Every structure is written in C-alpha cells, then in structure tokens.
2 protein chains.
Amino acid sequence: MKPPIFPAAVHAAGVPPRLKTTIYPEPFASRVAGREKSVLGDLFGLTNFGVNLTRLRPGAISALRHAHSKQDEFIYVLEGHPVLVTKAGEMKLEPGMCAGFRAGAGDAHHLVNRSKEDVLYLEVGDRTADDDVVYPDDDLRLTRGADGKRSCTRRTALHIESRDVSGEP
Amino acid sequence: MKPPIFPAAVHAAGVPPRLKTTIYPEPFASRVAGREKSVLGDLFGLTNFGVNLTRLRPGAISALRHAHSKQDEFIYVLEGHPVLVTKAGEMKLEPGMCAGFRAGAGDAHHLVNRSKEDVLYLEVGDRTADDDVVYPDDDLRLTRGADGKRSCTRRTALHIESRDVSGEP
C-alpha cells in the first residue's frame with residue numbers, strides 16, 4: 001500500500017464539507033441540519049487533535065449543549081455573530097473572538113446562530129482517550145462500548161443507535 | 001487558594017503578547033525578534049493543546065525550521081502572506097490558507113515573512129509527552145532532562161542554556 005500523500009497547505013474554504021453531518025439521532029439531528037464541517041486537521045494526517053472549519057446557516061447550532069470530561073475544545077470566529085451559550089448565560093460573539101472549553105469543567109456549551117447571516121468558525125478539539133460527553137439540556141448521552149467506540153443513546157430509552165464517533169473533534 | 005476564573009470568550013487581538021518571546025539562545029533569538037505570540041488556549045484553562053495568535057513583523061520567522069517527534073501542529077493564516085518552508089520547498093500562503101505538520105513525519109517546517117506587511121496566524125499544537133524537536137538547518141537541539149523539562153542546547157557546544165519550554169505549543 002502506498003503511503004498517504006498530504007498537501008503542504010490548502011485554502012480552507014475550498015475543502016468540501018464532510019458527508020457525515022452528525023452523530024445525533026432525530027429529533028436532535030434536525031437541529032444541526034444547517035451545520036457544515038470541513039475537516040482540516042485530518043487532511044494533513046494530524047491525529048492528536050482535530051481542526052474543522054464549521055459553517056452555521058441561520059438557525060443552526062454548533063452541537064447540542066454539551067461538556068467533555070477529558071477533551072479540551074477551542075473556537076475562533078471568522079465570520080458572523082454566533083451566540084455562545086454556557087451555564088453563565090449567553091454572549092454574542094463576533095469575528096476575531098475566541099473561546100475555550102476546558103475538559104472536566106462541567107460547564108456545557110454550544111453556539112447558536114440566531115442571525116440572518118452565516119457564521120463561520122474554526123473549532124479545535126483533542127482526542128484524549130476515555131472522554132465522556134454529557135448533554136444537560138437534552139435526552140441524550142454518549143456511552144462507550146467494550147470496543148472503545150462511542151455510541152449515541154437516549155437517556156430514557158433503550159439503545160437506539162450506535163455510531164463510531166472517534167473522528168469527532 | 002481561590003480557583004482560577006476563566007473568561008467566557010475574548011477578542012483575540014486584545015490579548016497582550018507574552019513577555020517571554022523565545023526559548024532560543026543567540027544568535028537564533030534575533031531571528032524571531034519580530035514575532036509576537038498572544039496565548040489564547042491557556043486563557044481558558046486548556047491544557048491538552050495550546051493555541052496562540054502569532055504576529056510576524058516583516059523579516060521575522062515563526063521558528064527555526066523544526067520537526068516534532070510526537071506533537072502535531074496546525075496553522076491558519078488570518079492576515080498577510082507568509083512563506084511556508086518545508087523539505088519540499090517553498091509555498092507562499094495567503095489569508096484563509098492552513099497547513100498541518102504531523103508528528104514524526106520528519107519534515108521540518110517554518111514560516112518566513114518576506115513581505116512588507118505583518119503576518120497574523122493562529123497556531124495550534126498539542127502537548128503530548130516525550131516530544132523531541134530537531135532543527136535540521138541550525139546548530140541547535142532540544143534535550144530533555146531527568147526532571148522532564150526540555151532544554152535548548154547547541155549541537156556543537158556544551159550545554160549553554162536550560163529553560164522550561166513545556167508551555168510551548
């Protein structure tokens with residue numbers, strides 16, 4: 001097998017969004033329907049962390065409000081005015097603003113695009129093993145199987161879906 | 001001791017550059033004299049990876065050309081036109097372009113600002129332990145002491161300098 005060939009550099013806006021748009025089952029999947037992620041870090045063979053260029057159409061959210069146990073996250077706004085929602089409340093962001101969400105803080109977050117313009121931002125997340133994700137506002141959780149793969153489940157129902165989300169930043 | 005308080009979000013351009021500008025001894029330090037790093041990830045208590053907003057004045061370089069053994073790196077150009085130098089040669093970048101440098105690839109890289117305008121970019125690097133850095137073009141290396149701290153040394157001289165560079169992204 002030939003070794004993979006990686007580019008030296010790319011125009012981020014020219015990288016097509018990935019086809020797999022979400023790991024959520026319905027009705028949660030519809031809430032991120034206007035979200036497009038172009039995977040940048042993996043393009044260069046990076047494995048320790050992921051970097052995406054993410055676009056939120058008007059009305060879309062970045063994710064269900066969530067908190068990671070072991071993985072840090074960071075976002076940098078390139079275009080538009082997303083609203084950052086955390087336990088402390090809401091904060092309207094603008095281009096050039098950034099935010100970080102440290103592992104284990106227990107403060108769930110997400111971005112909401114309530115404007116009429118697209119929001120474009122960079123997101124970074126590491127891939128520390130044994131990370132758990134909680135969603136305080138929604139009937140959803142991630143669980144880990146014996147194979148190490150994470151699965152989306154409902155809190156109030158039997159296991160409904162199992163997807164490998166190890167590529168998620 | 002009171003727990004640290006982290007901001008929800010900040011304007012990246014409003015974060016003052018760090019005072020410690022380089023880990024290099026002379027004559028290498030002068031080559032990055034026009035480089036300013038504003039530390040963003042640490043502001044939010046992130047520990048798994050670092051994110052900096054880095055400015056290169058005309059003539060400055062991002063670092064000596066170097067390669068990491070275990071840590072990935074990623075850059076995204078916000079302003080200006082740096083030249084990316086790798087083993088493959090040179091490539092002029094522009095705003096909206098990004099590049100990744102995977103751990104262990106053995107291909108050293110750096111950015112050079114040969115323009116008359118500032119270059120501004122985001123840089124991300126994880127903090128995987130036991131990372132080594134090599135500088136193929138320069139008489140320099142990083143070594144690790146028994147205390148786990150990395151030190152800058154010359155290849156051709158006795159140990160000249162010892163600095164904790166664990167905060168480097």
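Predicted model only: the values in this text are computed from it and were never measured. Order of the sequence lines fixes the chain letters, A, B, ..., with proteins taken first and strands second; residue numbering starts at 1 for each chain.
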Between N48(B) (side chain) and K70(A) (backbone), is there a donor-acceptor pair under 3.5 Å?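 Yes, N48(B) side chain to K70(A) backbone: donor-acceptor pair under 3.5 Å.
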What part of I75(A) lies closer than 4.5 angstrom to a heavy atom of chain B: side chain, backbone, both or neither?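 Looking at I75(A), nothing touches chain B.
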At a 4.5 Å cut-off on heavy atoms, which part of T86(A) comes close to chain B: side chain, backbone, both, or neither?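 For T86(A), there is no contact with chain B at all, as no heavy atom is under 4.5 Å.
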Which answer fits [X], side chain, backbone, both or neither, if we ask what part of it has an atom under 4.5 Å from a heavy atom of chain A?
| X | value |
| --- | --- |
| L78(B) | side chain |
| L93(B) | side chain |
| A12(B) | both |

Using a cut-off of under 4.5 Å on heavy-atom pairs, state which of M91(B), E94(B), M97(B) scores highest against chain A.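 The residue among M91(B), E94(B), M97(B) with the greatest pair count is M97(B).
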Kindly indicate whether the side chain of F74(A), heavy atoms from C-beta on, has any atom under 4.5 Å from the side chain of F49(B).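 In contact.
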Does the side chain of D126(A) come within less than 4.5 Å of D126(B)'s, by heavy atoms?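 No, too far: nothing below the 4.5 Å cut-off.
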Closest non-hydrogen atom pair, R102(A) against F44(B):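 Closest heavy-atom pair between R102(A) and F44(B): CD-O, 3.5 Å.
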Grab the two heavy atoms, one from L84(A) and one from A8(B), that are nearest each other, plus how far apart they are.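 Distance-wise, the nearest heavy atoms are CD2-O, 3.6 Å.
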Point-to-point distance, once rounded to the nearest 0.5 Å, from CG of L43(B) to SG of C98(A):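 The distance works out to 7.0 Å.
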Do [X] and [Y] belong together in a cluster built from hydrophobic side chains that touch within less than 4.5 Å?
| X | Y | result |
| --- | --- | --- |
| Y76(B) | V124(A) | yes |
| Y24(B) | V85(B) | yes |
| V15(B) | V39(B) | no |
| V32(A) | F28(A) | yes |
| L46(A) | L122(A) | yes |

Can you tell me if CD on E90(A) sees more than 12 non-hydrogen neighbours from other groups inside 6.0 Å?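 More than 12 within 6.0 Å, yes.
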Near E117(A) CD, under 6.0 Å, is it more than 12 heavy atoms from other residues, nucleotides or ligands?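 Not more than 12 within 6.0 Å, no.
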